Amino acid sequence: MSYEVNINGEDRKIEILSREGNRMKVQIGEKTYDLDLTEVEPGVYSALHKGKNFNFELVRRGSKKYVVDTIGKKLDVEIIDAESRYVKSRKGGEAEDAAYISTPMPGQVVKILVEEGQEVKGGETVIIVSAMKMESEYKVVKDRVIKEILVKEGDNIDGDQPLITFE
Amino acid sequence: MIKKILIANRGEIAIRVMNSCREMGILSVAVYSGADRNSLHVRYADEAYYIGPAPSNQSYLDLEKIIEVAKKSGADAIHPGYGFLSENAGFSERCKAEGIIFIGPDAYAINTMGDKITARKTMLAAGVPVVPGTTEPITDMDDAVKTIREIGLPVMVKASAGGGGKGMRLVEKEDEIISSVKAAKSEALAAFGNDAVYVEKYINSPHHIEFQILADQHGNCIHLFERECSVQRRHQKVVEETPSPIMTPEVREDMGRHAVAAAKAVNYAGAGTIEFIADDNLNYYFLEMNTRLQVEHPITEQVVGVDLVREQINIANGEELHYRQEDLSQHGHAIEVRVYAEDTDNNFMPSPGKINYIHFPLGAGVRHDSYVYSGYEIPIYYDPMISKLVVWGNSRDEAIGRMKRALQSYKISGVKTSIPFLSRIMDVPDFKNGHYTTHFIQNHEEALKSIDNASEECVDLAAITAFVDFLKKQEQAKPASNGHADVSQWKAFGRKKAVTRL
């Protein structure tokens, strides 16, 4: 299986060429790195490359998305395998406005501002979700028609859970 | 004498209060909601009682249940912390009626200061300067619009019963008046059950400077100097420091005197904070009084050397203040940052979830007030603040350097936090020079954004790390084929290699 990684919006091929314990040789894009990489604490990695010390803290978002924290910087990394390539190709170029509205974090539905079958204009708020005392409004990007409302006001929801689907 | 205190709160402040209790030989009683059985304050207390489901209005805000637990556990006092019931006059009153000591002011002080309009009137009468604005609550929309036009834009519309930035709206343009007043009123109604608002002149380049006071039940009152809290986002404090970099000894003395006068005007007893708004020339006006312990109280403790919770308990015991004004001085410089579980690069979206691993910074001059631990799941029902990192240094420069170091060694994985954002604040020249107002975060939006100039090497290594972790997780998810869990890395690699060749 061949993998790619998407870093800050750019796809690059990645392959582990050889590995012995923590020592590994990895090819990413056109470059090859000879490094020592170890998970020192759960989700915290220490990388040594040419004597230089790098610390990375990983925040997993789903099984293939990561936010990597290093001092003062955050990098978005997505692992692309055959499955995600397939999903991507099926979606075509329409990735910017999804088939449903979801939130990136768990929370509680405060208010649903639309009904099934209703037409909404781009930029209109369709649902308000609260998490940790903060209320966030979720809007549609383009003009859409509401297909199905899958939650009720007061419901507790998970992150990335479909809440409202569109035609 | 108080022998057992119920802490009607959760999170870091509950633990902070329990610390002082323990140091004073007082037993502590925790209360917890359905979401908090695993919370640290429950484990930390001598006793703990369940008080209801996760939403705070069915648990931490349910004063009947809390009173019931206080009686059942034989607690002779209740410490409310901050937030929740801490500024609820009815709760203070109720405790008194039940013969339980409320560690905080009486209902009169809370009511007078809690209602912004009454507070303004009282301050005017006490000779404390206030911001130009209305003294009557506005419930009628037309009145609101008329008054705003009279005072002149820009103005701030605030909820009478508000606090913590809720129900507050800045109106800069004529056509925003109606929508802003509406929004402020509905937020006020939702948050406080009262939609009265008032209007205040808005001060450009404002500084938020507050004074800590302590008053006993015998009419003695002292101040413990200022805290500079101008680094704010949407009226929520992000960084606090003391002394204020813009303060002069003369103004400090003046403001301190006014702070004491403000507290005395409501016969205050306990620890409290007088918030002022000051312009660049240090003209200052009374903003509001917080009749409770503040989130940022530790910086005062570090610089003045007084344990504020201990003093609250002493005052509640009826003792006279242990300090006189002339005993107190500021030593060195302290800074606090609030670490939130939020995604600062994505509109500060809350980021609840499970903390896989956390490593607190330690070392000279570092204090860390928190309640989370490795494996703890941050609930969605409460505030996203996970800890307060406080540093002390001999000078402001030393303190900033120490804060940067502490933030660098603060490791947390599993949830997104504001740590990188806080680090960047420490690097902004205006912050380093102490030239900042409450618009600081807004004005430095660009500088505070995640920097994309990470070296290519660093970006590549970060991607490799994520990839290796991904493979590792995949490997772990697979069941062992023969019951032997350990598969040699070489074998695994060989298999992968074989698959790739296809």
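The basis for the numbers below is simple: all heavy atoms, side chains too, and nothing from hydrogens, waters or symmetry mates. Letters A, B, ... mirror the listed sequences (proteins, then strands); counts begin at 1. Small disclaimer: the values here were computed from a predicted structure and weren't measured.
The number of heavy-atom neighbours closer than 6.0 Å to CD of A:E119, taken from other residues, nucleotides and ligands shown, is 12 or below. Within a 6.0 Å radius of NZ in A:K65, no more than 12 heavy atoms belonging to other residues, nucleotides or ligands are found. Summarising the local packing, NZ of B:K182 is surrounded by 12 or fewer heavy atoms from other residues, nucleotides or ligands at distances under 6.0 Å. Atom NZ of B:K473 is surrounded by more than 12 heavy atoms from other residues, nucleotides or ligands within 6.0 Å.
Within the 4.5 angstrom heavy-atom criterion, only backbone atoms of A:L17 (N, CA, C, O) approach chain B. In this structure, no portion of B:Y340 lies under 4.5 Å from any heavy atom of chain A. Looking at B:S374, neither its backbone nor its side chain comes within 4.5 Å of chain A, counting heavy atoms on both sides. For B:Y382, the part lying under 4.5 angstrom from a heavy atom of chain A is the backbone only. When heavy atoms are compared at a cutoff of 4.5 Å, A:D76 does not approach chain B at all. Proximity to chain A (any heavy atom under 4.5 Å) is restricted, for B:P379, to the backbone atoms N, CA, C and O. For chain A, the nearby part of B:L471 is the side chain; its heavy atoms alone come within less than 4.5 Å.
At a threshold of 4.5 Å between non-hydrogen side-chain atoms, the residues A:L37 and B:L461 do not count as touching. Here the side chains of A:R61 and B:K416 are in contact, with some heavy-atom distance below 4.5 Å. Taking 4.5 Å as the limit, every side-chain heavy atom of A:I16 sits out of range of all side-chain heavy atoms of B:I464. Residues B:V415 and A:V59 fail the side-chain proximity criterion, which asks for heavy atoms closer than 4.5 Å. By the 4.5 Å heavy-atom criterion applied to side chains, A:M105 and B:S351 are not counted as neighbours. Using a 4.5 Å heavy-atom cutoff, the side chains of A:M24 and B:V468 are in contact.
Comparing B:N356, B:D383, B:T417 by heavy-atom pairs within less than 4.5 Å of chain A, the highest count is held by B:D383. Between chain B and the options A:G43, A:G107, A:P42, the largest number of non-hydrogen pairs under 4.5 Å is found for A:P42. Top candidate by heavy-atom pairs under 4.5 Å with chain B, chosen from A:E20, A:E15, A:Q108, is A:E20.
Scanning residues 25-36 of chain A against chain B with a 4.5 Å non-hydrogen threshold yields A:V26, A:I28, A:K31, A:Y33, A:L35, sorted by number. Contact annotation for residues 51-58 of chain A against chain B (heavy-atom separation below 4.5 Å, listed by residue number): A:K52, A:F54, A:N55, A:F56, A:E57, A:L58.
Between B:Y381 atom OH and A:S130 atom OG the span is 10.0 Å, to the nearest 0.5 Å.
Here the shortest heavy-atom pairing between B:P350 and A:A131 reads CG-O, 3.4 Å. Between A:D69 and B:P420, the closest heavy-atom pair is OD2-CG, 4.2 Å. Between A:V68 and B:A466, the shortest heavy-atom distance links the atoms CG2-CB, 4.2 Å. When every heavy atom of A:I14 is checked against every heavy atom of B:A463, the shortest pair comes out as CD1-O, 4.3 Å. Across all their heavy atoms, A:I79 and B:F467 have their closest contact at CD1-CA, 3.7 Å.
Using modelled atom types and a 3.5 Å distance limit, the side chains of B:H359 and A:E41 yield no donor-acceptor pair.
Salt-bridge check for A:R12 with B:D460: passed, with a basic side-chain N closer than 4.0 Å to an acidic carboxylate O.
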*Does the pair A:T103 and B:M349 meet the rule for a side chain to side chain contact (heavy atoms under 4.5 Å, CB included), with working shown?*
CA-CA 10 Å; A:T103 62; B:M349 196 80 82; over 6 Å; no
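Side-chain rings of A:Y3 and B:F470 approach one another, their centers coming within less than 6.0 Å.
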